[in-house]
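Every number for a ligand or one of its atoms is a count from 1 in the order of the listing.
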Amino acid sequence: MSDATAKKEERRKFQAIRGTRDLLPPETTLWNRVEQTAHEVFATFGYGEIRPPIFEPTELFARAVGGETDIVSKEMYTFEDRPEEVEKPQVFQDFERYLRSVQELFEKSRIPQSKENEEAIKQLERTLKKASDAHAHQLFDVGMVATTFYWANAIKLGDELSLRPEATASVCRAYIEHNMQQLPQPVKLYYTGPMFRRERPQKGRYRQFYQIGAEVLGGTDAPAIDAEVIEMLMTFFDKVGLQGATLYINSIGHNADNCRRGYVAGLKAALEKVKEKLGPDSQRRIDTNPLRVLDSKLESEQVIIATLPRIADHLCDECKTHYAEVKRQLEVRGVLYQENWRLVRGLDYYMRTTFEITAPGLGSQNAVCGGGRYDGLVELLGGPPAKGIGFAIGEDRLILSLQESGKGRVPQRRDVYIAWMGERAYAAAIRAAKDLRKSGFSVELPPVEQKFGKALGQADKLGAKYALILGDNEVSEALWTLKTLATGEQAKLTEPDLLQFLRNQKPAT
Ligand code: ATP
Ligand code: MG
């Protein structure tokens, strides 16, 4: 590295990784308000909070979300776990030591016990032996280096882990791991937190984004459960002040020949007939996931999609009855909905009821929540047969929509700015700050003495409601000055009166 590049490197300004961002005050106040509302509303419906880890075995997501989905096939952040004590070799001389430690770990079952690993370790040993012989006869060449690296890299030191792209799989895993089927059913859980998907970043689409989600596991699949989950969701959106939200619902039946499987076969046949008129994505999906074609936003495909067979005409009797009852129960609960036969959702685990909520102000990324029923999922992950239904709200998009509609404004302000001058005044200022903070007021106490003019300017900038002025005069007269910054009004009060007056106000934050 040249000196110039080294210097540049030193001065490098770090930036958040593409698709990630800092959430900053005052916006974080809005985030907290939204999350607090979720805690409160969900608690009134009897849900408890779960906080699963942020990474899990890749296999969990592959199995739950589905290997054919975009999420699993290309969007996950995956890495290899490994025992603490092994270090990948950096230079050729390290390989002997590396081989010994890997052999030892393999014997102790500390690294995956696969046939592939057994083979790779054997090959690495052979290659190194050959290299050492060749070295003795001065026949060593680059090909041997390449082969050594190849076999060393082929050894898997640990399981593949992934940052979670969604949390339903984790919640189901936890339900099984903690034998929650022994609790009163259904078990109602919710979570909030970051999810990770390697998608193309754009408005309302990030690589680290946040979801608020809930799951109902076990018990019955009574349509009332579906309706109540949706009712809770709409109650939450109402409470946070989301305006213009539209709820879309659909039923995608269950995986049987007389239901969805039959429909998908028919859909596939219909798609084959119009294949030439479809774009490359949809053409590919005819084979991998025909239902997803219905999800297409491509303008040119819309007229074609409108002519395709619809799932509602192919539901089995049970699924049809279930769906009709979900709709009736929504009506009983006063929840407005629109049916959308093209709503299929992108994750493999869904069945029967699916729903999505859109909100204004978000451009083409206008879905703020997706959800549905997934009765087979717990069993698919190795647990007991269990019903399941849930949803995930995109918190980033919810916040964006609130901000666009003017509902997201959170003025950053202080209740009281204490302008003090002099040592005695400072002691009184500390006392007053402590007292007011205890009552929940936000108080700014400047760490160094400032002229009153400057202090009041600062109070103004911070949007303080009151300035408490404490100078030598105030302390010796035992009369403190309180200035209301909006009006400029000033009052002189004793310490107890002044604190009492403030305490009678409502804290701004
Ligand atoms: P979309 O069709 O918008 O990609 P999705 O079907 O992939 O959404 P889900 O996996 O059902 O979404 O996740 C539920 C919600 O999470 C979405 O409705 C959306 O609000 C939010 N969400 C999903 N992916 C992202 C992302 N990359 N950035 C921000 N929010 C997201
Ligand atoms: Mg997506």
[X] to ligand 1: N or O pair under 3.5 Å?
| X | result |
| --- | --- |
| Ala367 | yes |
| Gln211 | yes |
| Gln365 | no |

Would you say the side-chain atoms of Asn366 pair up with the backbone N or O of Ala359, donor to acceptor, closer than 3.5 Å?
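It does not hold such a pair.
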
**Request:** Determine whether any heavy atom of Arg205 lies closer than 4.0 Å to an atom of ligand 1.
**Result:**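 So Arg205 counts as touching ligand 1.
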
Counting neighbours of CD on Glu87 that are heavy atoms of other residues, nucleotides or ligands and sit closer than 6.0 Å, is the number greater than 12?
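No - once you tally the heavy atoms of other residues, nucleotides and ligands closer than 6.0 Å, there are 12 at most.
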
Between Gly390 and Phe355 the two heavy atoms that sit nearest each other are O-CZ, 3.7 Å

Closest non-hydrogen contact found for Leu189 with Met180 is CD1-SD, 4.1 Å

Check: Given Gly394, Gly204, Ala359, which one has a non-hydrogen atom that is nearest to atom 29 (C) of ligand 1?
Finding: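 Selected option, by shortest heavy-atom distance: Gly204.
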
A student comparing Glu395, Arg397, Gln208, Arg197 should find that the heavy atom closest to atom 12 (O) of ligand 1 comes from Arg197

Classify the ring geometry of Phe42 against Tyr47: parallel below 30°, tilted from 30° to 60°, perpendicular beyond 60°. tilted

Per-atom contacts, ligand 1 versus [X] - under 4.0 Å to a heavy atom:
| X | value |
| --- | --- |
| Cys369 | 18 (O) |
| Glu199 | 24 (N), 25 (C), 26 (C), 27 (N) |
| Val368 | 18 (O), 20 (O) |

Taking only Lys NZ, Arg NE, NH1 and NH2, and the carboxylate oxygens of Asp or Glu, determine whether Glu199 and Arg205 approach each other closer than 4.0 Å.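 So Glu199 pairs with Arg205 through a salt bridge.
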
Tell me whether the guanidinium CZ or amine NZ of Lys327 lies under 6.0 angstrom from the six-membered ring centre of Tyr323 and within 45° of its axis.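 Yes, Lys327 lies over the aromatic ring of Tyr323.
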
